[in-house]
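Encoded as structure tokens, the structure appears first; notes follow it.
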Amino acid sequence: MLFDVRTPVLFVLGALLLEVVGSATYDLILALLGESWQASLGALLIGLLLLAFVTGAIVAVLGSHRDPLSTLGMEERAHPREGVVVFLSTGSGKADEEALRFHKQGGLRYVWLVASPEVEAEGKVERLVAEYRDQGVVVDPRPLTRPRDAGEAYSLIHSVLQDAARQGLGAGQLYVDITGSMRPSAVGATLACYHLGHDLEYVICRYDGGRCVPGTSEVMEVRLGSTPDHRQVHARGAEEVG
């Protein structure tokens with residue numbers, strides 16, 4: 001902040017402090033080396049070396065702290081993965097079921113069903129659990145008591161992704177589908193995915209009478225965990241839960 005031009009007072013104060021430190025350092029070097037021209041030349045060279053060192057250190061620090069937003073990817077078509085975490089919505093024939101069918105065609109092995117009390121009340125969770133377990137998929141239903149609470153959604157998805165790591169599903173092996181989630185839940189899920197290096201997906205389709213028209217759906221991904229930095233974060237998270 002001292003050297004940020006957007007805060008003029010602090011910027012000026014920082015410049016003055018640099019001048020004071022520089023003058024004091026120069027005087028100290030002269031006091032140690034003497035008043036000859038050789039001493040002045042030596043002080044200048046030492047000052048240039050210190051300047052080069054500090055400049056290099058600043059460049060190195062800035063280079064190692066990239067803007068995390070620059071690592072976010074554009075939306076692309078998703079590809080079937082081994083695992084998927086799906087926020088369920090009320091009613092049948094919706095985008096959440098399209099997402100499950102999409103991944104089942106590609107060798108789906110693990111499913112986490114996130115359901116609000118309204119979804120659980122209509123029996124949708126039990127139906128999907130029975131359907132996919134009969135097909136050899138490991139299904140783990142997770143209740144979300146407050147779908148408008150971003151913090152609860154973050155904690156739940158964070159816990160699910162840690163469980164996925166125990167099952168051997170790392171970054172690039174599962175999606176979190178937020179199509180059927182409330183907006184606050186989508187925010188919480190996005191932050192959890194970003195912190196643990198996983199990707200999001202959502203389903204677009206044409207609806208007729210509140211149901212997704214078969215053959216019109218498309219699953220899109222938003223890549224959050226494709227960078228080396230994210231993979232390192234995920235590896236550390238897996239070690240912590242192991």
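Keep in mind that the numbers below use all heavy atoms, side chains included, and drop hydrogens, waters and symmetry copies.
- For the side chain to side chain donor-acceptor pair (under 3.5 Å) condition, the pairs that include at least one residue of residues 203-215, sequence neighbours left out, are Ser92-Arg211.
- Distance alone, capped at 3.5 Å, is enough to place a donor-acceptor pair between the Thr190 side chain and the Ala186 backbone.
- Without hydrogens or angle criteria, Asp199 side chain to Leu224 main chain gives a donor-acceptor distance under 3.5 Å.
- A pairwise comparison of heavy atoms in Thr179 and Ala95 identifies CG2-CB, 3.6 Å as the closest pair.
- Scored by the salt bridge (charged side-chain N to carboxylate O under 4.0 Å, His left out) test, Glu221 finds Arg81, Arg223 as partners (sequence neighbours excluded).
- Counting only heavy atoms from C-beta outward, the side chains of Trp112 and Val176 never approach each other to under 4.5 Å.
- Contact between Ala189 and Ile178 at its shortest, heavy atoms only, is CB-CG2, 4.0 Å.
- For the pair Glu152 (side chain) and Thr145 (backbone), a donor-acceptor distance under 3.5 Å is present.
- With sequence neighbours excluded, no residue satisfies salt bridge (charged side-chain N to carboxylate O under 4.0 Å, His left out) with Glu76.
- Under the rule for a side chain to side chain contact (heavy atoms under 4.5 Å, CB included), the partners of Ser217 that lie at least two apart in sequence or sit in another chain are Glu98, Val203, Cys205, Cys212.
- Partners of Arg142 by side-chain hydrogen bond (donor to acceptor under 3.5 Å, both in side chains), not counting sequence neighbours, listed by chain and number: Asp140, Asp163.
- No hydrogens or angles considered: nothing links the side chains of Thr90 and Glu122 as a donor-acceptor pair under 3.5 Å.
- Considering only heavy atoms from C-beta on, Leu100 comes within 4.5 Å of Val84 through its side chain.
- Remark: Gln167 pairs with Tyr110 by the side chain to side chain contact (heavy atoms under 4.5 Å, CB included) rule, at least two apart or across chains.
- With sequence neighbours excluded, the residues that form a side chain to side chain contact (heavy atoms under 4.5 Å, CB included) with Ala150 are Pro184.
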What donor-acceptor contacts under 3.5 angstrom involve side-chain atoms of residues 131-139, with partners at least two apart or in another chain?
residue, atom, partner, partner atom, Å
Arg133, NH2, Val139, O, 2.9
Gln135, NE2, Glu131, O, 3.3

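- Partners of Ala115 by side chain to side chain contact (heavy atoms under 4.5 Å, CB included), not counting sequence neighbours, listed by chain and number: Leu88, Val119, Glu120, Val125.
- For Glu218, the salt bridge (charged side-chain N to carboxylate O under 4.0 Å, His left out) partners two or more places apart in sequence, or in a different chain, are Arg77.
- For residues 137-184, every residue pair satisfying the ring-ring contact (aromatic ring centres under 6.0 Å, His included) rule, not counting sequence neighbours, is listed here: His103-Tyr175, Tyr154-His158, Tyr154-His195.
- Residues Leu174 and Leu161 form a side-chain contact, since some pair of their non-hydrogen atoms from C-beta on lies under 4.5 Å apart.
- Take Asp149 and apply the salt bridge (charged side-chain N to carboxylate O under 4.0 Å, His left out) test, not counting sequence neighbours, and it matches Arg146.
- In this structure, Ile157 and Val114 have side chains that are in contact, with non-hydrogen atoms separated by less than 4.5 Å.
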